[in-house]
Structure formats: C-alpha cells, structure tokens
Amino acid sequence: MPSREEIIEEAGAWLEENLDPNLSLVEWRSRLVDGGWGSPRWPKEYWGRGYTTEETNVVTSLFIRKGAVPAASAGSRNLAAETILACGTDDQKKRFLRGILTGEDFWCQLFSEPGSGSDLAGLTTKAEFKDGKWVINGQKVWNTSAHHADWGILVARTNWDVPKHQGISYFLINMHQPGVEVRPLRQMNDHASFNEVFLTDAIVEPENLVGAEGEGWAVAKTTLSYERGGFGTVSDIECEVEKKGRLYDEYDEEMREANEPYVWYPQRQGRVDLAVPRAQATGTIKDGAVRQEVARLISMKRGAELAARAAKAKVRSGSNEIVSAGSIGKLASSFVARQGAKVHTMISGADSLLKGEDSAEQGVIAEILVSVPAISIAGGTDEIQKNIISERVLGMPKEMRADTGPFRDIKRN
Amino acid sequence: MELTEDQIQFGEVVERFMADKSPPTVVRKLMATEEGYDPAVWKQLCEEVGLAGTHIPEEYGGFGFSDVELAIAAAAMGKHLFCGPFFSSAVMAGCAILEGGTDENKEALLPGIAAGTTIATLVLDSLDKVEEVGQKVTADGDVLSGQVPIVIDAHIADTLIVITADGNGYALFSIDKGADGVSVRLRESIDETRKTCEVTFTNAKANRIGSLDIVGLNRLWDRLVTFLTNEMIGGAKHLLETTVEFTKMRFQFGRPIGSFQGLKHRCADLLMELELAKASAEYAALCYVKGTGEPYVASMAKNLAGDAYTNIAIAGVQLRGGLGFTWEEDTHLWFKRAKGSEVLLGTPHYHRERMMTIIEEAS
Ligand SMILES: Cc1cc2nc3c(=O)[nH]c(=O)nc-3n(C[C@H](O)[C@H](O)[C@H](O)COP(=O)(O)OP(=O)(O)OC[C@H]3O[C@@H](n4cnc5c(N)ncnc54)[C@H](O)[C@@H]3O)c2cc1C
C-alpha cells in the first residue's frame with residue numbers, strides 16, 4: 001500500500017507532466033483516465049489503481065488544489081459505472097467504463113414507471129428475446145437526464161410467471177434508436193430535468209444484459225445502494241491555481257449547458273450555506289426564533305455529515321453497513337432540506353415568493369421553496385427509507401405482503 | 001469515530017464493569033438511598049479499573065488518557081445509569097482543577113480524585129448558562145458567601161470546588177464540605193439516579209486554588225457538556241434498542257406491534273436523530289482533544305443529543321403503553337435521566353442560542 005506521501009508524489013509528478021490548460025476537455029479527461037487517475041478507487045485493469053477510499057481522497061484533494069478538472073461523474077453515469085463495475089462482464093466494463101469517465105457518454109436511469117415507483121419490483125415494461133435480440137416495450141417515467149443521455153440502465157420484466165422479484169432483468173440500452181422516445185416533463189419548480197420515456201420495440205443487444213436473465217433485481221439493488229450512499233459528501237478544499245485556458249472554458253461550458261437542467265440541485269438541499277449570511281443581511285439574526293431554527297439547521301446538517309463520515313469509516317474497516325448508512329443519510333438529507341426551506345421562509349418572509357434577477361438571491365430563495373420537495377421523493381421516498389431502516393437496521397417485522405405468488409396474478413395499477 | 005484497539009478494549013472493560021455492577025435492580029436500590037451510590041463499588045471502580053483517573057495526567061496520579069476515552073466511559077455509564085460520583089468528582093471537579101488550578105494545587109488535589117479516595121464536586125452557581133456562572137456565590141478575599149440551588153453529589157463530597165467572578169475572569173477555590181459556614185441540603189429531584197443538593201456558604205473561608213479567564217471557563221463548560229452529551233448518547237441508544245425489542249415481542253391485533261408502520265417509522269426517525277447526535281458527540285470529544293473543529297461543537301452536540309434523548313424517552317414510554325407509565329417497569333429510569341441531562345449545563349434551546357453567538361462572533 002502506498003503511503004500518503006508516495007501518492008502525492010506520484011500524482012503530483014503526473015499532473016506536472018500532463019495537466020495542460022490548452023487541452024480540450026475530452027483530451028484532458030482521456031489522459032486522466034488512461035493514466036489511471038480518473039477513478040483511482042477502481043481496479044487497475046479498468047482505468048483505476050485499486051486504491052482504498054482513503055487513498056482516493058488523497059488524490060482527489062490534491063487534484064482539487066492543483067485545479068485538475070475531474071473525470072465526469074455527475075448524475076446517473078456514476079450509478080451506471082458502479083453497477084457495471086460490480087455486476088457487469090469483463091467485456092461490458094471494457095466497453096463502457098472509459099466513456100463514462102471521459103464524459104463522452106451520458107447515462108440515465110430507466111427504473112421508475114407510471115405504475116411502479118416505490119414498488120420498483122412491480123414494473124411491467126416487457127423484455128422479450130426475439131431473433132437473437134432483446135425487444136423492449138413499455139413506459140418509464142421521472143427519468144433524469146434521459147433527454148440528453150446516450151445510454152440508459154434499464155430494468156424490465158422477462159418472466160411473468162414467477163414471483164415479482166424473480167422475473168426482472170437488467171439491461172444497458174442505447175438511447176439513440178427509433179424505439180426510444182423521450183419527452184421532457186415540466187416540474188413544479190419550472191425546470192425540466194426529468195422525462196418520460198416510451199419504449200416501443202426498442203432493441204438491446206444480448207451482450208448488454210447485466211447479470212443473468214431473471215436476476216436483475218440484485219443488480220438493481222446494487223444501483224440503489226450507490227444512489228443512496230452518495231448523500232452527505234462534502235468538500236471544502238480550495239483550488240490554488242488560476243483556472244484559465246481552453247480546458248477550463250470547456251469545463252465551465254459543460255457545467256453551464258449540460259448541467260443547465262440541474263441548476264436547482266443545490267436548492268433542493270435547502271441551501272444551508274445561505275442561512276447565516278441571509279439572516280445577517282436581513283437583520284433577522286436578531287430574532288430569537290430565527291436564531292433557534294438556524295442553529296438547529298446547522299446542527300442537523302453538520303450532524304448528518306459527521307454521521308455519514310462515521311458510517312463510511314465503518315464500511316471501510318470491513319463491516320457491512322452500506323445500506324443502512326445510505327438510508328439514514330438520505331432520510332437526514334430530507335430533514336435538513338425541509339429545515340432549510342423553513343429557515344429561508346422565516347428569514348425572507350414575503351420576499352421569498354419573488355423570482356427573477358431583482359428578487360432575494362436572484363430567485364434562489366424562491367427556488368429553494370419549490371425544489372426541496374424533490375429530495376424526499378427522488379432516489380426512494382422518505383417512507384421507503386424508513387421502512388428500510390426499521391426492517392434492516394432495527395430488525396422490526398416486515399409489512400404483511402399482498403404481492404406474493406406469480407406476478408401475473410398480483411393486483412396492480 | 002474510528003477508535004484504536006486500545007480504546008475499543010478500554011470501552012469493553014468499562015462496559016463489562018457497568019453491566020455487572022449497575023443493573024436496573026441495583027440502580028433502583030441506590031436511588032432509594034440517601035447517599036445514592038455504593039462506596040464498595042466506587043472503590044472497586046477506582047482501584048481495579050482506575051476509571052476516576054482516566055483523563056488525569058500521570059504526574060497527578062491518573063492515566064493521562066484523552067477525553068475520547070472519557071467519552072467512551074461516559075457512554076457506558078449513561079447506558080447503565082451508573083450511580084456514583086464519577087461525573088461530579090472525576091469530571092466536573094477534576095476538569096475544573098485541570099483547566100484552572102495552579103500546578104501546586106493540582107498536585108495537592110488531583111491524586112485523591114484520580115484514586116477515588118477523595119470525592120469532590122464542582123459548585124457551579126449556574127447549571128443553565130455559562131454566562132451566568134459566578135453570580136450567586138461571591139468571594140471577599142477568600143471568604144465565600146451565597147447559595148447555589150443545584151450541586152451534584154455535594155452530600156457525599158469531601159471537597160467542594162467553587163468558581164466565583166473575579167475581575168474580568170473567575171477565581172477557583174476549594175473548601176472542605178465540613179468547613180465552618182458550609183451547609184449542604186439534599187434535594188428531591190425527578191432523577192434520583194443523580195443526587196442533587198443545595199449548597200449555602202455563609203462567610204466560609206476557602207483556599208484559592210487558581211483562576212480561569214472567560215475562554216477557560218467556556219472551555220471547561222464545553223468539556224463538561226461534551227462528557228454529559230456522550231453519557232446521554234449511551235443512554236439514548238440503549239433505550240431505543242430496548243424499546244424496539246419490546247415492539248417485536250408485544251402482540252396486538254394478532255401481530256407484533258413493531259409491524260405497524262406508524263411505530264416503525266417513528267423508530268426509524270429516532271434512529272436517524274440519534275445517529276446525528278452520536279456522531280456529533282463523539283466529534284466534540286475528538287475536537288476537544290485535538291483543539292480543532294468549529295468553536296460551537298459542544299453546543300451543537302448537546303442540543304442534538306438533548307432533543308434526541310428526550311424524544312427517545314417519550315417514545316420509550318409511549319410504545320410500552322400502560323406498562324411504560326408504571327414505576328415497576330424500568331423505562332422511567334432512563335426517561336428521568338434523559339430529562340435531567342437535557343436541562344443540566346444548558347437546555348437544547350440555550351445551546352442553539354449559544355451556537356449563534358459563537359457563529360456571529362466568528363464572522
Ligand atoms: C426529481 C426526481 C428525479 C427522479 N429521477 C429518477 C430517475 O432518474 N430514474 C428513475 O427511474 N426514477 C427517478 N425518479 C423517480 C423516483 O424514484 C420515484 O418517484 C419514487 O421512487 C417514488 O415513486 P412514485 O413516484 O411512483 O410514488 P409512489 O410509489 O406511488 O408513492 C406515493 C406515496 O406513497 C408512499 N408509499 C409507497 N409505498 C409505501 C409503503 N410501502 N409504505 C409507506 N408509504 C408508501 C410514498 O412514500 C409516497 O409518499 C425521480 C423522482 C424525482 C422526484
């Protein structure tokens with residue numbers, strides 16, 4: 001195992017030689033990924049270095065300080081990558097992982113359906129094997145990024161005569177084909193980051209089935225654990241160099257354009273960072289009731305970060321608590337976000353209604369209020385997290401089930 | 001908090017001792033006595049485990065461990081509602097002397113406290129707000145006067161450590177409980193697992209043993225708060241666990257009550273609340289040791305833990321139904337400790353206000 005100093009020395013030397021602000025974004029990321037620095041936690045044979053999380057953090061901090069643009073990781077592509085890494089074939093890893101890290105391929109998650117969200121395993125999108133290919137028919141919904149995705153991770157039913165969890169298979173689907181139609185959906189906060197996706201005789205090549213036929217539920221659970229595990233991460237490291245050149249221009253452009261539908265994401269977490277500055281600017285910091293709620297907000301936010309960190313430390317040292325840690329962290333982030341919305345309402349009063357350039361924080365405060373409701377729904381609702389925590393962590397008895405037996409016979413929407 | 005092998009072992013030793021010596025039957029017996037503790041067990045704890053010297057440097061007869069070990073011990077004591085003068089003597093008085101005593105007085109006072117042969121306590125004339133410390137007891141030279149409504153374990157203490165206002169800072173005194181002009185009256189409290197007394201000084205001659213500036217007093221307060229908070233976490237965690245176990249065994253409507261979603265979700269919420277408080281409490285201890293972290297960590301941890309423990313205690317009674325409201329059932333012992341800990345050294349409300357003051361000063 002390399003020491004901290006050895007990692008810094010090796011990564012530092014590599015950066016010295018390779019980081020060039022005049023490269024294009026894809027050129028730079030190709031170097032980064034081929035050099036094994038795009039995701040050092042991954043195994044050596046798949047563009048990584050086999051580092052532990054801790055060792056990877058050393059690299060991440062150094063790269064932030066040196067102004068190195070990171071590998072692409074935002075959104076569903078991360079879920080796809082981790083799932084392929086954990087459950088995919090060698091061939092799938094070789095074909096997909098690099099394009100994810102370089103940012104050349106954008107991914108989306110095609111899980112939820114109009115008839116099944118929380119009850120994901122109740123899905124009815126159909127996959128049939130015909131003439132050597134999988135043919136997909138059905139509808140997906142609430143699919144973030146689907147409108148500019150190149151690939152999707154998809155769950156579909158391949159067997160209707162077995163209990164519901166046993167008839168599901170997991171696919172990697174090319175979004176650029178006639179059988180895939182994506183329609184953006186307008187959200188209550190007036191952005192459109194999620195979509196509905198219609199699948200009509202859409203094709204998946206046989207080599208893009210992940211795991212065996214009928215064993216997709218276990219693969220889907222892997223995806224979900226990464227979705228929930230991603231909450232509560234923070235970085236307060238600052239960059240030491242001036243970010244100037246083509247690389248940074250293209251990166252900014254990516255952030256602006258590709259991420260345009262997601263500008264509201266920080267707002268859905270309640271913008272805890274704005275609480276004290278806003279309370280000071282408005283003078284409400286003198287209001288005892290506001291002070292109580294701001295302090296409560298900061299305590300909850302920091303407590304959630306510390307709990308997430310403690311949970312990760314445990315997972316590192318070998319215990320199997322990733323699921324519980326993820327669900328507790330996700331539930332906490334909902335509580336924090338709602339408290340954030342409450343605090344900003346107290347601080348801004350009637351002004352919190354106004355949108356536009358001349359409103360409180362250029363509309364950001366208003367956007368908090370109408371974005372926070374997403375966080376307790378997306379990625380598994382609060383109620384589902386509480387079911388998971390009570391059953392898997394606290395060991396409380398499971399709900400009585402009304403959905404056993406062959407899927408064909410179960411009541412559904 | 002990532003613990004070292006030694007720290008884990010230390011925790012196991014304390015946990016074993018507490019589980020063995022402080023089961024609910026013993027807690028009930030001791031809380032009904034006037035002394036409120038078992039001198040033989042206290043002696044064993046100090047001689048065999050050496051616990052009272054955990055955080056006291058070796059030069060003063062202790063082990064010189066850090067406040068992380070102190071926090072570990074706190075959690076075990078809180079879990080088992082340990083009845084004994086650990087908090088009052090080793091922590092409150094011990095830390096006050098460590099933070100403010102002169103070297104000479106540390107040498108004189110700490111070895112007895114570390115060995116458990118001297119029981120001391122700290123007379124804090126406000127257990128509500130650090131800003132109000134030093135207002136009820138006044139010192140004229142080294143002669144003390146004034147009345148303090150709540151002093152933990154004063155009735156069994158040999159020595160009282162007293163903090164009074166002194167110019168811009170504070171003076172630290174020690175005085176024998178039996179000295180002229182000192183009177184101690186045991187008070188009735190809802191939490192009989194932690195005995196409280198009223199202490200009155202009437203022209204009582206004390207020894208000046210040191211000083212604290214405002215920063216020092218706040219550091220001491222934070223240190224005591226951090227210990228108490230970790231003690232609360234131990235109790236809260238245990239109470240949530242026993243409550244959840246109860247819901248798995250109790251049947252109504254032909255099924256365990258723990259299968260009702262209303263109760264499952266309530267327990268999940270409580271676990272989340274507990275996890276945030278626990279991580280913060282452990283972090284506060286670590287920050288004290290390293291001298292790092294946000295300046296408000298202790299207040300942050302105490303306000304989270306105060307709410308979490310009380311909420312868990314309320315659910316602990318509620319989820320047991322009528323049984324939970326009986327004297328016979330043990331839940332009320334933790335309920336009362338939760339209430340007692342919530343209000344000692346500052347309510348959650350106070351600590352949130354204190355956080356804001358600290359944040360404003362820093363910005
Ligand atoms: C912003 C956003 C982005 C999203 N992005 C994606 C994406 O990229 N890909 C994707 O596949 N999906 C995505 N989703 C969908 C999301 O995962 C689902 O909306 C969610 O799982 C809930 O499913 P549902 O909408 O069908 O609601 P339902 O499952 O119908 O739930 C309705 C209500 O019933 C409650 N409920 C359901 N079951 C239970 C139970 N057993 N016990 C107690 N209460 C219960 C729920 O908590 C909820 O309050 C996104 C959603 C949002 C809001």
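In what follows, chains carry the letters A, B, and so on, assigned in the order in which the sequence lines appear, proteins first and then strands, with residues in each chain numbered from 1.
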Exercise for the section: Let me know if B/R266 has heavy atoms under 4.5 Å from chain A in its side chain, its backbone, both or neither. Expected result: neither

Handout entry: Within 6.0 Å of CD in B/E5, more than 12 heavy atoms from elsewhere
Key = no

Handout entry: Atom group of A/N387 that falls short of 4.5 Å from chain B, counting heavy atoms
Key = both

Handout entry: Steps toward side-chain contact (heavy atoms from CB on, under 4.5 Å) verdict (A/L306, B/M300)
Key = CA-CA 12 Å; A/L306 292 165; B/M300 176 177 104; 3.7 Å; yes

Exercise for the section: Check A/P397 against B/G258 and note the closest heavy-atom contact, atom names and distance. Expected result: CD-O, 3.3 Å

Practice task
Flag yes if more than 12 heavy atoms outside B/H349 fall under 6.0 Å of its NE2 atom; otherwise flag no.
Solution key: no

Handout entry: Over 12 foreign heavy atoms within 6.0 Å of CZ, A/R412
Key = yes

Handout entry: Over all atoms of both residues, closest heavy-atom pair of B/M355 and A/I298
Key = CE-CG2, 4.0 Å

Problem - Full working for side-chain contact (heavy atoms from CB on, under 4.5 Å) between B/M272 and A/K386 - result: CA-CA 9 Å; B/M272 179 204 66; A/K386 291 183 200 184; over 6 Å; no

Handout entry: Contacting region of B/S363 [heavy-atom separation from chain A under 4.5 Å]
Key = side chain

Exercise for the section: Verify whether one side chain among A/R302 and B/Y283 offers a donor that lies under 3.5 Å from an acceptor in the other. Expected result: yes

Problem - Residue B/E294 versus chain A: region with a heavy atom under 4.5 Å - result: side chain

Problem - Nearest-0.5 Å distance that lies between atom NZ in B/K264 and atom CD in A/E383 - result: 13.0 Å

Handout entry: Contact class of A/Q280 relative to chain B, heavy atoms under 4.5 angstrom
Key = side chain

Exercise for the section: Find the distance between CD (A/E391) and OG (B/S259) and round it off to the nearest 0.5 Å. Expected result: 10.0 Å

Problem - From B/E245 atom CD to A/M396 atom CE, the distance as rounded to the nearest 0.5 Å - result: 9.5 Å

Problem - Candidate pair B/D269 and A/L331, rule side-chain contact (heavy atoms from CB on, under 4.5 Å), full reasoning - result: CA-CA 8 Å; B/D269 280 337; A/L331 187 60; 3.8 Å; yes

Fill in the blank from the handout: Pair count under 4.5 Å, heavy atoms only, with chain B: among A/E293, A/Q385, A/M400, A/R296, highest is A/R296

Exercise for the section: Go through A/R291 and B/R352 one step at a time and tell me if the side-chain contact (heavy atoms from CB on, under 4.5 Å) criterion holds. Expected result: CA-CA 7 Å; A/R291 296 170 75 80; B/R352 285 190 285 269; over 6 Å; no

Fill in the blank from the handout: Taken to the nearest 0.5 Å, the spacing of B/Y350 OH from A/Q292 CD works out to 12.0 Å

Handout entry: Heavy-atom closest contact (A/A332 atom, B/L276 atom, distance)
Key = CB-CD2, 4.2 Å

Exercise for the section: Measure the spacing between CG of A/L394 and CG of B/L263 and express it to the nearest 0.5 Å. Expected result: 12.0 Å

Problem - Other residues, nucleotides, ligands: >12 heavy atoms within 6.0 Å of B/K129 NZ - result: no

Exercise for the section: For B/F325, look at atom CZ and say whether over 12 heavy atoms of other residues, nucleotides or ligands are found less than 6.0 Å away. Expected result: no

